[in-house]
Every structure is written in structure tokens, then in C-alpha cells.
Amino acid sequence: MERIRVGIIGCGSITRFRHAPEYQANPYVDEIVFYDRNIERAQALAEEFDGRVVASVEALYQDPSIDAISDCSSNETHHIHSTNALLNGKHVLSEKPLAISIEHAEEILEAQRKSGKKLMVDHNQRFTKAHQKAKQLINNKELGEVLTFKTTFGHQGPESWGIDQSNATWFFKKERSHSGVAGDLGVHKIDLIHYLLNDEVEDVHAFHGALDKKNEHGDPIEVCDNVVCALKTKKGRLGTASFSWSYYGAEDNSTTVYCEKGIMKIYHDPEDQLIVETKDGEVVRYQLEPIQTNDNQTNTGVIDAFVDAIIHDTVPPVTGDDALTSLKVIEKILR
Ligand SMILES: NC(=O)c1ccc[n+]([C@@H]2O[C@H](COP(=O)([O-])OP(=O)(O)OC[C@H]3O[C@@H](n4cnc5c(N)ncnc54)[C@H](O)[C@@H]3O)[C@@H](O)[C@H]2O)c1
């Protein structure tokens, strides 16, 4: 395939800040077609990103000129849109978390197998420069084997990110978000740990709670806003993780990997995004690129990787199976 046209379902923040600008900048994408059940949102983005609007999701599925669809709807409809898009012969880039249950995620994977189309999931943490560099050092065993790790992802909460900037946001609703901060931020770091360590979290002990966020009625939200957990991987590594919507200061997106011959500190320092300290006292500081935050949107590389997989007919770098594996860990955390 030489060039593609794409459709986007859901025209909220992730579409405005990442999918639409990154498709627009991609040289292989000829057109972006927007759909949102709130048509004004679709119209606003079509104007901003020089695209076209359709009035129904069926019109996207049935448009033979559209090759691929980004599913940027809220969590509870991923299994509907992504499944239908695949079964209508479209490649799909689904937002995370892949679905609000394992059964729904499996439906999407089944549709991918039946259709033979590409399915990628937006676990964008893998693509950042410091994570890429850390992965390379781990693969090359520069510091020997990984023994333990700790990872964190926390910010002020989605009510200052989503298109509905209020405490009535769907992110706070059980039937729409399902997993709160665990599925919003936690799933990114679980995917990252799987990717960096070539390993899989197998055993989980966790606490989660709604410690601070209130809904539009002033009551505690129905999903967790904080998670802390201890993790054990299949290869026997031990780690800790914390995910929070109540870090009321700078975003914390940091990971530390403790190895036989030293330590890797990732995104602890905004200037030196990767710091390697060896057992014998050497310190190497890498200046790569600041990580994307809600206030600093840079190209994630995810859209380019998805388009690339379609153009060159290769397996996308984050598959449905990868996303399902991480989702299973999130379900264990919540249990
Ligand atoms: N990969 C990332 O780093 C990242 C970051 C933020 C959000 N997300 C994910 O992206 C998805 C969207 O999040 P957002 O921040 O853009 O939310 P948002 O609330 O800003 O926007 C969601 C949009 O989708 C529309 N929508 C919802 N359900 C729909 C449906 N069934 N049909 C048509 N339109 C529908 C809403 O009207 C709204 O305009 C979520 O799954 C979220 O978890 C991923």
C-alpha cells in the first residue's frame, strides 16, 4: 500500500493533541475523516486539521476509501468500535486500555484474527527516547541482569485533561472508565515493564482506593484514584509500582531499574532523562528528549509506527496480545 486515508472515532483530547496532528504530519496519510457523537467536536477538528466529517460511525465503517481507524472513544466502547472497524476491513489503532474487561478485549483480538487486518494499541511509553535507550542497554546487558524495579505514573488527574474539564468526566465513572487510574496510567507502566524487561508480571499484591477525587455531587468517585502495588515477574524479578491522579505538582513519570552492575534512572531529571550509575561509581547522563506530558505534547511516534506497519505490511510494534497481557495485570491489581 502506498498511501492511506484514516478515520478517527472520538474527537476529544487524545485526538486533538496526538492522533490528528500526527496523522496530519505523516507523509503517507492523504485524508483524516472525523466522527464524534457530538458532531460539533468532529467539525472543530476537521476544520483545525483540514479533514472531513461523517455523521455516523457506520459511514466510517462503510467508506471504502478509508483504510484505517483510530478508536479514540472512551474506554467502554473500544470493544464495539474496534471490533466493528476490523470486521469491516479497516486496520485499527485502539486507545488504551484496550477494553473494560478481558472478554471484551478477546472479542477485539478475535475480530483481528478473522479480518487479518492490523491491530495496534496506543501504549506510547515504549516509544519515548529514554525508554528506547534503556531498552537497548538492557538488551545488551550493559549492567548485567535486571533484578528489581520501581515505576510511577502520576499527575493531577483527568478532569484537567479530557474535553469535559469537570468532575462529571467519564474518567470518574465506573461503567465508562471501569479501572480508574489503574487503566488510565497504570496500564502504560505495566506495558513498559513488560517491554523493557522482556518479561511479564505474573503475581500482584496491590492496594487501591478513591482517596481524594470527588464526582460532580461531591461524593468520592466510583473508581480508584490511587494504586500502590508489589509485582513479581515470570523471570522472578521483583518490583513496585504506584499510579496516581492526586500528585498535585509536576507529573511523575519515573522508572528505576536496578541491575547486577548498576542502576538506570529514567525520567527522574527533566534535563538528563536517563542516568546510569554503575557499581564502581561511574555516572553517565543522557540528554535525549523531554517526555510528553499533558502540558508538553510532542510527537509520540505511535501514529507513524501504525502507518508504517500498514504501508510496509509488517506486524505493529504493540499488538493486541501485548495489550491484553497488560490488561490482565490491571485486572489482577483491581481484584
Ligand atoms: N495513550 C495515551 O497516552 C492516552 C492519553 C489520554 C487518553 N487516552 C485514551 O483515549 C481515549 C479517549 O480519551 P480522551 O482523553 O480523548 O477523552 P475525552 O473525554 O477528551 O474525549 C472522548 C471523546 O470521544 C467521544 N466519544 C465517546 N464515546 C463515543 C462513542 N461511542 N461514539 C462517538 N464518540 C464517542 C466523546 O464525545 C468525546 O468527544 C480513552 O480510552 C483514554 O483512555 C490515551
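All ligand and atom numbering here is 1-based and tracks the order in the structure. Computed from a predicted structure; not experimentally measured.
Aromatic ring orientation, H19 versus Y23: tilted (interplanar angle from 30° to 60°). By the 30° and 60° cut-offs, the orientation of the rings of H131 relative to Y267 is perpendicular.
Protein residues with a heavy atom closer than 4.0 Å to ligand 1 are G10, C11, G12, S13, I14, R18, Y35, D36, R37, R41, C72, S73, S74, N75, T77, H78, H81, E95, K96, P97, D122, N124, W161, G162, I163, W170, F171, H188, listed by chain and number.
Take R3 and apply the side-chain hydrogen bond (donor to acceptor under 3.5 Å, both in side chains) test, not counting sequence neighbours, and it matches D30. Shown here are the side-chain hydrogen bond (donor to acceptor under 3.5 Å, both in side chains) partners of K135, two or more places apart in sequence or in another chain: N198.
Looking only at atom types and distance, the side chain of S246 has a donor-acceptor partner in the side chain of N226 under 3.5 Å away.
Within the structure, no pair that satisfies the ring-ring contact (aromatic ring centres under 6.0 Å, His included) test touches residues 24-55, not counting sequence neighbours.
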